[in-house]
Student: 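One structure coming up, written as C-alpha cells, with questions to follow.
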Amino acid sequence: MKALVYHGPGNKSWEEKEKPVIQKATDAIVRITKTTICGTDLHILKGDVPEVTDGRTLGHEGVGIIEETGEFVTKFRKGDHVLISCITSCAVCDYCRKGMYSHCENGGWILGHLIDGTQAEYVRIPYADTSMYKIPENSDEEALVMLSDILPTGYECGVLNGKISPGDTVAIVGAGPVGLAALLTAQFYSPSMVIMIDPDDNRLSVSRKMGATHTINNKNEMAVEKVFKLTDNKGVDAVIEAVGIQATFELCQSLVAPGGRIANVGVHGKSVELHLETLWGKNITITTRLVDTISTPMLMKTVQSGKLNSKQLITHRFKLFEIVEAYNCFEQASKEKTLKVILSNN
Ligand SMILES: NC(=O)c1ccc[n+]([C@@H]2O[C@H](COP(=O)([O-])OP(=O)(O)OC[C@H]3O[C@@H](n4cnc5c(N)ncnc54)[C@H](O)[C@@H]3O)[C@@H](O)[C@H]2O)c1
Ligand SMILES: [Zn+2]
Ligand SMILES: [Zn+2]
C-alpha cells in the first residue's frame, strides 16, 4: 500500500509501505476513504514533536471502511463505514473510566504519533470498539472527517472549558480550523457576542459567515481597546486561545472580564508569562486540555441533523495520492485561503 511517511524534520514522502496487520485481538484494519491534514502534522514536520520517529506514517483523522477485525472486536464488521477518532481509548484504564481518553494509559493520541496513522491507504486502529464510531448509511462522510479532531477540540477545550452560557460575551483568539470549530460550537449556547481575532482578513471574513458577531484584525487594529469598547469596558466572559504562542496567551489575559474564563486550546512550544499582578484578584479561571473526543457522539448527531454544518470548514479537495501537493496547499494557508483539505481514496 501507499502512505505518507515522515523521515525527520522537513522530510516526508508518499511511498510504498507494508499493509498493516492485526496485532492484537482488539485491533481493526481500516481502508481509509477520506482523510485530512492537521496543523499538528505541520508541527511534527518542523521537528516540534520529537517522539515521532523516522518511518512513521502521519495522520490522525479520517473515515474509512472496516477491512478486517480482531477476534475481540464486537461492534464492527468487515464493510462497516467508520469515523476514526484522533484519540485512541481502551475504555478501562483509570483515565478512560473518568472520560479523560486523552490520557488513556494504553492509547491517547498515538495515531500518526507513536503508531502509524491515517494518511495511508490502510491503518491499524487499536481498541477498535472504543476508538471509532459507526457511520450511518447515507451520511455525508466528508463532513464527518471534521469530527476526528478539530470539532471536538474546539468544543471540549474551548467551549466546554470556557463554560460558555447564554448571553455570554466571548472572544476567540485565532481563526484557524480549531478557532472556527470553537466559533461554530459556541453557538449551541447562544452567547450574545462572539468576537474573532486574527491577523488574516480571509479567515475573519469566513468567521463572519460562520456566525461571529464582530471581528478584529489585530495586525491593523488594537484588539484590547476594541474589545473593551464593545463590552462596556468590562472585557469578555470567556476567551478562547486557539493559536499557541506567548503573544496570544497574553492577549487573552488582557481581554478577560472579572469572573471570566481563559480556555487555552493552543499547543505551546514555549513558556508564557502569567500576569498574576493584574489577575490575582479578578476571580478568573484558566483551563488547559488535550482533546478527549468524549463529545464526538453528540457532535455527530448535530452534524447528521444539520444543526452543525461542519462541511464549511473544507476548502480544498485532492486525491489521496496528491497528498504532497495538499500539504503545500495547507502550508500556504494564507495565500491559498486554506482551512481544511479533504484527501479521497476511491
Ligand atoms: N489542545 C488540543 O487538544 C489541540 C488539538 C488540536 C489542535 N490544537 C492546537 O490548536 C491551535 C490552533 O490550531 P489550528 O489548526 O486552527 O491552527 P492554525 O495555524 O491553522 O490557526 C492559527 C490561527 O492563528 C492566527 N494567529 C497567528 N498569530 C496570531 C496572533 N498574534 N493573534 C491572533 N491570531 C493569530 C493565524 O492567522 C491562524 O489563523 C494550534 O496550536 C494547534 O496545535 C490543540
Ligand atoms: Zn490534529
Ligand atoms: Zn484507557
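One-based numbering, in listed order, for ligands and for the atoms of each.
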Student: Please determine whether D41 has a backbone or side-chain N, O or S atom lying under 2.8 Å from the Zn ion (ligand 2).
Tutor: no

Student: What about C157: any of its N or O atoms under 3.5 Å from an N or O on ligand 1?
Tutor: no

Student: Run the side-chain contact (heavy atoms from CB on, under 4.5 Å) test on K24 and Y127 for me, step by step, so that the C-alpha distance in whole Å, both residues' side-chain angles and the decisive distance to 0.1 Å come before the verdict.
Tutor: CA-CA 9 Å; K24 283 171 87 179; Y127 303 104; 3.5 Å; yes

Student: Within ligand 1, which atoms have a heavy atom of L290 less than 4.0 Å away?
Tutor: 3 (O)

Student: What protein heavy atom sits nearest atom 17 (O) of ligand 1, and how far off is it?
Tutor: P177 CD, 4.5 Å

Student: Taking atom types as modelled, find out whether E15 and H7 have a side-chain donor-acceptor pair closer than 3.5 angstrom.
Tutor: yes

Student: Counting backbone and side-chain atoms alike, is an N, O or S atom of C96 positioned under 2.8 Å from the Zn ion (ligand 3)?
Tutor: yes

Student: From the options E322, E142, E325, select the one residue that forms a salt bridge (Lys or Arg N to Asp or Glu O under 4.0 Å) with R317.
Tutor: E142

Student: Which of the listed options, D198, V173, D41, holds the heavy atom that is closest to atom 36 (C) of ligand 1?
Tutor: D198

Student: Between the side chains of Q119 and D41, is a donor N or O closer than 3.5 angstrom to an acceptor N or O?
Tutor: yes

Student: Output yes if C86 passes the N/O/S-under-2.8 Å test against the Zn ion (ligand 2); output no otherwise.
Tutor: no

Student: Taking only heavy atoms of I197, which atoms of ligand 1 are found under 4.0 Å from at least one of them?
Tutor: 33 (C), 34 (N)

Student: If you measure every N or O of T248 against every N or O of ligand 1, does any of those distances drop under 3.5 Å?
Tutor: no

Student: For ligand 1, find out whether one of its N or O atoms is nearer than 3.5 Å to an N or O atom of N218.
Tutor: yes

Student: Mind reading off the angle at the Zn ion (ligand 3) between the SG atom of C104 and the SG atom of C90, rounded to 10°?
Tutor: 100°

Student: For the 3.5 Å polar cut-off, considering only N or O atoms, please tell me whether I245 and ligand 1 meet it.
Tutor: no

Student: Taking the side chain as everything from C-beta on, heavy atoms only, tell me whether K2 gets closer than 4.5 Å to F321.
Tutor: no

Student: Both conditions, 6.0 Å and 45 degrees, for the charged tip of K12 above the ring of Y6: are they met here?
Tutor: no

Student: Tell me: protein heavy atom nearest atom 40 (C) of ligand 1, and distance?
Tutor: V243 O, 3.6 Å

Student: Relative to the Zn ion (ligand 2), which of the N, O or S atoms in D149 is the closest?
Tutor: OD2

Student: What is the closest protein heavy atom to atom 44 (C) of ligand 1, and at what distance does it sit?
Tutor: V265 O, 3.1 Å

Student: Nearest to atom 34 (N) of ligand 1, what protein heavy atom do you find, and at what distance?
Tutor: P199 CD, 3.3 Å

Student: Measure the spacing between CD of E67 and CD1 of I22 and express it to the nearest 0.5 Å.
Tutor: 10.0 Å

Student: Out of all atoms in ligand 1, which are within 4.0 Å of some heavy atom of R289? Include the element for each.
Tutor: 1 (N), 2 (C), 3 (O)

Student: Any non-hydrogen atom of H43 lying under 4.0 Å from ligand 1?
Tutor: yes

Student: Go through the side-chain N and O atoms of D198 and N217 and say whether any donor and acceptor fall under 3.5 Å apart.
Tutor: no

Student: Show the atoms of ligand 1 that are less than 4.0 angstrom away from any heavy atom in D149.
Tutor: 6 (C)

Student: Report the nearest protein non-hydrogen atom to atom 22 (C) of ligand 1: residue, atom name, distance rounded to 0.1 Å.
Tutor: A242 O, 3.9 Å

Student: Closest non-hydrogen protein atom to atom 3 (O) of ligand 1, residue and atom name please, with distance?
Tutor: V291 N, 2.9 Å

Student: Does the protein come close to atom 31 (N) of ligand 1 - that is, does one of its heavy atoms sit below 4.0 Å from that atom?
Tutor: yes

Student: So which protein heavy atom does atom 4 (C) of ligand 1 come closest to, and at what separation?
Tutor: T153 CG2, 3.5 Å

Student: At the Zn ion (ligand 2), what's the angle from C38 SG to H60 NE2, rounded to 10 degrees?
Tutor: 110°

Student: What protein heavy atom lies closest to atom 16 (O) of ligand 1? Include the residue and the distance to one decimal.
Tutor: V178 N, 3.0 Å

Student: Does either side chain, that of S295 or that of E156, offer a donor lying less than 3.5 Å from an acceptor on the other one?
Tutor: yes

